[in-house]
Protein chains: 2
Amino acid sequence: MLNQISDLDRLFHALADPARRAMLERLSRGPAPVSELARPLPMSLPAAMQHLGVLEAAGLVRSAKVGRVRTCTIEPRALSQAERWINARRIEWEHRLDRLGEYLKTLENEGDGNGSDD
Amino acid sequence: MLNQISDLDRLFHALADPARRAMLERLSRGPAPVSELARPLPMSLPAAMQHLGVLEAAGLVRSAKVGRVRTCTIEPRALSQAERWINARRIEWEHRLDRLGEYLKTLENEGDGNGSDD
DNA sequence: TATTTGGTTAAGCATATACCTAAGTAATAC
DNA sequence: GTATTACTTAGGTATATGCTTAACCAAATA
């Protein structure tokens with residue numbers, strides 16, 4: 001295991017758990033206290049807190065305590081970093097298909113006019 | 001840990017490792033044999049194969065063996081499933097901000113005309 | 001002031017992950 | 001037919017992850 005953990009590692013790792021995604025789904029509809037995020041999950045409160053910690057470490061969630069209540073908010077910019085990585089892969093992929101298409105068209109045209117020497 | 005592992009779990013988990021992302025980055029530029037994917041990585045070939053297995057299990061990569069060479073291809077549709085989840089969260093978030101904005105505007109207008117009884 | 005509520009910390013446990021080396025197998029090259 | 005190449009399998013280890021219960025603290029509430 002590499003011990004140089006990048007932003008993207010933390011980000012995708014945070015998204016890889018259904019409990020954490022459920023929390024984000026709830027938070028994308030508005031801020032919520034810890035207990036509300038934890039209530040629907042099939043686990044103890046400390047376990048839910050741990051998931052919340054992972055989300056915060058990934059920059060996906062911010063939280064602040066007022067009185068004895070900690071209120072959590074989603075941080076959508078962190079999500080967009082993950083989206084950008086995925087998008088970049090798609091762009092490269094499509095670019096490659098374009099080049100492949102052009103190459104095939106070239107072959108076709110050359111075959112049409114005269115035999116290629118390749 | 002829940003032992004009901006979903007597509008998204010596998011997908012995001014697969015993306016959460018730099019070695020696996022490096023493989024996908026290479027594959028988004030075109031198919032490659034196992035050894036070529038493994039060569040740049042700071043680990044043994046069996047370790048790299050294990051990563052490849054994770055990518056295949058997530059549906060992100062397909063591979064086929066011809067002779068003694070296994071050639072791998074990226075499967076971009078799997079990536080788009082992850083992208084859709086992220087996008088859905090953004091949509092919800094923006095929708096929420098819109099409603100909040102409208103609510104604030106309503107408050108403003110009400111304050112403009114007559115005092116609210118709230 | 002005593003109790004409940006909301007969160008936090010600590011300690012421990014089971015399983016999963018990420019690696020490794022060594023020992024295969026099967027296809028190709030010599 | 002032997003050596004090399006390209007993977008594959010097996011077995012093992014260290015660390016990380018996901019969970020638990022028990023105990024704790026501080027802010028409300030009765």
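In what follows, chains are A, B, ... by sequence order, proteins preceding strands, each numbered from 1. The basis for the numbers below is simple: all heavy atoms, side chains too, and nothing from hydrogens, waters or symmetry mates.
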B/S/- contact track for nucleotides 3-9 of chain D, protein heavy atom under 4.0 Å
-BBSBBB
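Only one option out of A:H95, A:R96, A:R89 pairs with A:E92 in a side chain to side chain donor-acceptor pair (under 3.5 Å); it is A:R89.
Rounded to whole Å, atom C1' of D:dT20 lies 15 Å from atom CG of A:L41. The CG-P distance, from B:D17 to D:dT15, rounds to 18 Å in whole Å. Nucleotide C:dT17 holds its P atom 16 Å from the CD1 atom of A:I5, rounded to whole Å. One can place CD of A:Q50 at 14 Å from C1' of C:dT15, the figure rounded to the nearest angstrom. Atom pair B:M43:CE and C:dT21:C1' shows a separation of 16 Å (rounding to whole Å applied). For the pair B:D9 CG and D:dT17 P, the computed distance is 15 Å after rounding to whole Å.
The heavy-atom pair separating A:F12 from B:L15 by the smallest distance is CD1-O, 3.3 Å.
By the side-chain hydrogen bond (donor to acceptor under 3.5 Å, both in side chains) test, B:E36 pairs with B:R26, sequence neighbours left out. A:R10 pairs by the salt bridge (charged side-chain N to carboxylate O under 4.0 Å, His left out) definition with A:D7, not counting sequence neighbours. In this structure B:D9 satisfies the salt bridge (charged side-chain N to carboxylate O under 4.0 Å, His left out) test together with A:R21, sequence neighbours excluded. In this structure, A:R99 has no salt bridge (charged side-chain N to carboxylate O under 4.0 Å, His left out) partners at least two apart in sequence or on a different chain.
A:S44 has no side-chain polar atom (N or O) that falls below the 4.0 Å cut-off from OP1 or OP2 of D:dC19. Contact annotation: B:H13 side-chain N/O to C:dA16 OP1/OP2 distance is not under 4.0 Å.
Within the nucleic acid shown, A:R39 has no heavy atom closer than 4.0 Å to any nucleic acid atom. Contact annotation for A:A47: base contact, defined as any heavy-atom pair under 4.0 Å involving a base atom.
Of the two residues near DNA chain D, A:V66 and A:H51, the one whose nearest nucleotide lies more 5' is A:H51.
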Only pairs under 3.5 Å count here: list side-chain donor-acceptor contacts from residues 37-59 of chain A, not counting sequence neighbours, and write none if there are none.
| residue | atom | partner | partner atom | Å |
| --- | --- | --- | --- | --- |
| A:S44 | OG | A:A47 | N | 3.4 |
| A:H51 | ND1 | A:R20 | NH1 | 3.1 |
| A:E56 | OE2 | A:S63 | OG | 2.8 |

